[in-house]
Amino acid sequence: MATTDNNFSGLTEHCEDCELDTLHDVSVQIRTESRKEENAQFSREPYRVTECQRCGARKSQRMNNA
């Protein structure tokens with residue numbers, strides 16, 4: 001679970017690589033899932049992307065599956 005850390009500007013989340021709660025950059029990206037050009041406009045999905053500020057590990061999760 002993400003928490004706000006009052007001492008720093010960012011989100012603190014558990015990093016599986018560090019095995020610690022660390023600061024993460026969090027963003028939402030719209031990704032096109034279809035490889036067919038004629039259907040690409042209908043296959044865009046939001047993904048939550050996190051990057052650990054300690055080790056650089058990145059994780060993405062499709063928001064429709066959250």
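From E13, atom CD reaches atom OG1 of T50 across 5.5 Å, with rounding to the nearest 0.5 Å. The CG atom of D17 lies 13.0 Å from the CZ atom of R58; values are rounded to the nearest 0.5 Å. For the atom pair M63 CE and Y47 OH, the distance stands at 11.5 Å (nearest 0.5 Å). Note that OG of S60 is 12.0 Å distant from CD of E51, once rounded to the nearest 0.5 Å.
In this structure the side chain of K59 reaches within 4.5 angstrom of the side chain of E16, judged on heavy atoms. Inter-residue side-chain proximity for C15 and L20 is flagged as unmet; no heavy-atom pair is nearer than 4.5 Å.
Checking R48, R31, E33 one by one against R62, the side chain to side chain contact (heavy atoms under 4.5 Å, CB included) holds for a single residue, E33.
Residue R54 comes nearest to T22 through the heavy atom pair CD-CG2, 3.9 Å, listed as atom of the first residue, atom of the second, then distance.
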